[in-house]
Amino acid sequence: MDFKKLKQITSVVSQTLDKVTDIFNGDSCFMSAVISAAGSGARMGGISKQLLKINDKTVIEYSLEAFQNSTFFDEIIIVARQDELDIMKSIAFCGKYSKAVKVVAGGATRAESVANGFYATDKKCRYIAIHDAARPLVTSKEIDTLAKKVRQCGACACGRALSDTIKRIDNKRRVTETPDREGLVSVFTPQVFSSDIYRSALAAAQKGGFTATDDCALCERAGFTVRIYDTGNFSLKLTYPGDEKLISSIINSRLKGE
């Protein structure tokens, strides 16, 4: 008997059984959500957006509840400001959330904060969603739609075709260009990726000193294809004073079924 060949066959069988076991254990589809909540709130006059109350609930709680109620996600990582770690932990560990929740400190930039969140995910993580806490209108249905899509394409985000005319201006506020809006979309979060794709994109960005305003751009820069899906939800971002009133109005309309 060729023991070398038998050893190779045994190894292949063992690896196959491991993969089958992973599937039944759910490890092959383990999904982690990183909620970025470490912003300074500079455009809100220094107000901590993630802890601002809208309808008697903090902004961060809306995103926490959406991922808690998602069918697909297994754990939630909150990335918080250093000076807000204790209060974030009190929210995360209040007993309302049955999924595994971790709270980690953010970095000097959004990119560093998201990276900290990614590195804190469970070793079983196969897919990762990155979401801005400042977008409290996210829904579990929207999250689940992207969770299904990412298993087919590896990298995707929610977005919507632009309806407004877009102008490019210079530093003196003069119009320099009116780009054709055909093919242009406004992109929101969540943005969802295979953990292997995101790990590679993150490493490439860190090595090349590349930063971006969203995580899709990291993957695009690294050569990966990202797909945009209209999930039927306009995910307004809490950015300027007064935005909370509009968000509150939309939340109240949803509660009334309008």
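Since we're looking at a predicted model, the values are computed, not measured.
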Considering residues, nucleotides and ligands other than [X], do more than 12 of their heavy atoms fall under 6.0 Å from its [atom1]?
X: Asp86; atom1: CG; value: no
X: Glu182; atom1: CD; value: no
X: Ile228; atom1: CD1; value: yes

Evaluation steps, side chain to side chain contact (heavy atoms under 4.5 Å, CB included), between Arg110 and Asp215: CA-CA 10 Å; Arg110 180 190 181 279; Asp215 297 281; 3.1 Å; yes
With the 4.5 Å side-chain cut-off for hydrophobic clustering, are [X] and [Y] part of the same group?
X: Leu202; Y: Val34; answer: yes
X: Val79; Y: Ile87; answer: no
X: Tyr119; Y: Ile35; answer: no
X: Leu51; Y: Ile76; answer: yes
X: Phe67; Y: Phe72; answer: yes

Donor on one side chain, acceptor on other, [X] and [Y], under 3.5 Å:
X: Glu84; Y: Ser48; answer: yes
X: Thr178; Y: Lys167; answer: yes
X: Ser98; Y: Gln68; answer: yes

Within the side chain of [X], is there an N or O that forms a donor-acceptor pair under 3.5 Å with the backbone of [Y]?
X: Ser248; Y: Lys245; result: no
X: Ser235; Y: Val138; result: no
X: Lys99; Y: Phe73; result: yes
X: Ser140; Y: Ala66; result: yes
X: Thr176; Y: Arg168; result: yes
X: Asp230; Y: Arg160; result: no
X: Arg227; Y: Ala157; result: no
X: Arg254; Y: Leu137; result: yes

Are [X] and [Y] packed together at the side-chain level, in the sense that at least one heavy-atom pair is separated by less than 4.5 angstrom?
X: Ile78; Y: Val101; result: yes
X: Ile77; Y: Glu75; result: yes
X: Ile247; Y: Pro136; result: yes
X: Leu238; Y: Glu244; result: yes
X: Val114; Y: Asn116; result: no
X: Leu255; Y: Ile251; result: yes
X: Ile130; Y: Phe118; result: no
X: Phe30; Y: Cys125; result: yes

List the atom of [X], the atom of [Y], and the distance in Å for their closest heavy-atom pair.
X: Pro179; Y: Ile166; answer: CD-O, 3.2 Å
X: Glu61; Y: Ile91; answer: CG-CG2, 3.8 Å
X: Ile60; Y: Ala37; answer: CD1-CB, 3.9 Å
X: Ala38; Y: Ala80; answer: CB-C, 3.7 Å
X: Lys102; Y: Asp122; answer: NZ-N, 3.7 Å
X: Ala217; Y: Ala212; answer: CB-CB, 3.5 Å

A cation-pi test, strictly: NZ or CZ of Lys57 under 6.0 Å from the centre of the six-membered ring of Tyr62 and no more than 45 degrees from its axis. Yes or no? yes
Does Ser195 form a side chain to side chain contact (heavy atoms under 4.5 Å, CB included) with Thr121? I'd like the steps, not just the answer. CA-CA 10 Å; Ser195 57; Thr121 59; over 6 Å; no
Rounded to the nearest 0.5 Å, what separates atom [atom1] in [X] from atom [atom2] in [Y]?
X: His131; Y: Gln191; atom1: NE2; atom2: CD; result: 10.5 Å
X: Thr71; Y: Met31; atom1: OG1; atom2: CE; result: 11.0 Å
X: Asp214; Y: Phe188; atom1: CG; atom2: CZ; result: 12.0 Å
X: Ile54; Y: Ile250; atom1: CD1; atom2: CD1; result: 10.0 Å
X: Thr145; Y: Asn233; atom1: OG1; atom2: CG; result: 10.0 Å
X: Arg135; Y: Thr189; atom1: CZ; atom2: OG1; result: 5.0 Å

Please determine whether side chain to side chain contact (heavy atoms under 4.5 Å, CB included) holds for the pair Cys216 and Cys219, giving the CA-CA distance in whole Å, both sets of side-chain angles, and the decisive distance to 0.1 Å. CA-CA 5 Å; Cys216 288; Cys219 295; 5.8 Å; no
Charged N to carboxylate O under 4.0 angstrom, [X] versus [Y]?
X: Glu65; Y: Lys96; result: yes
X: Arg126; Y: Asp74; result: no
X: Asp243; Y: Lys49; result: no
X: Arg199; Y: Asp196; result: yes

Please determine whether salt bridge (Lys or Arg N to Asp or Glu O under 4.0 Å) holds for the pair Asp170 and Lys172, giving the CA-CA distance in whole Å, both sets of side-chain angles, and the decisive distance to 0.1 Å. CA-CA 5 Å; Asp170 61 18; Lys172 293 185 178 180; over 6 Å; no
Asn252 vs Asn55, side chain to side chain contact (heavy atoms under 4.5 Å, CB included): CA-CA, chis, key distance, verdict: CA-CA 8 Å; Asn252 286 331; Asn55 295 9; 2.8 Å; yes
Looking at the rings of Phe193 and Tyr127, which for Trp means the six-membered one, are their centres under 6.0 Å apart? no
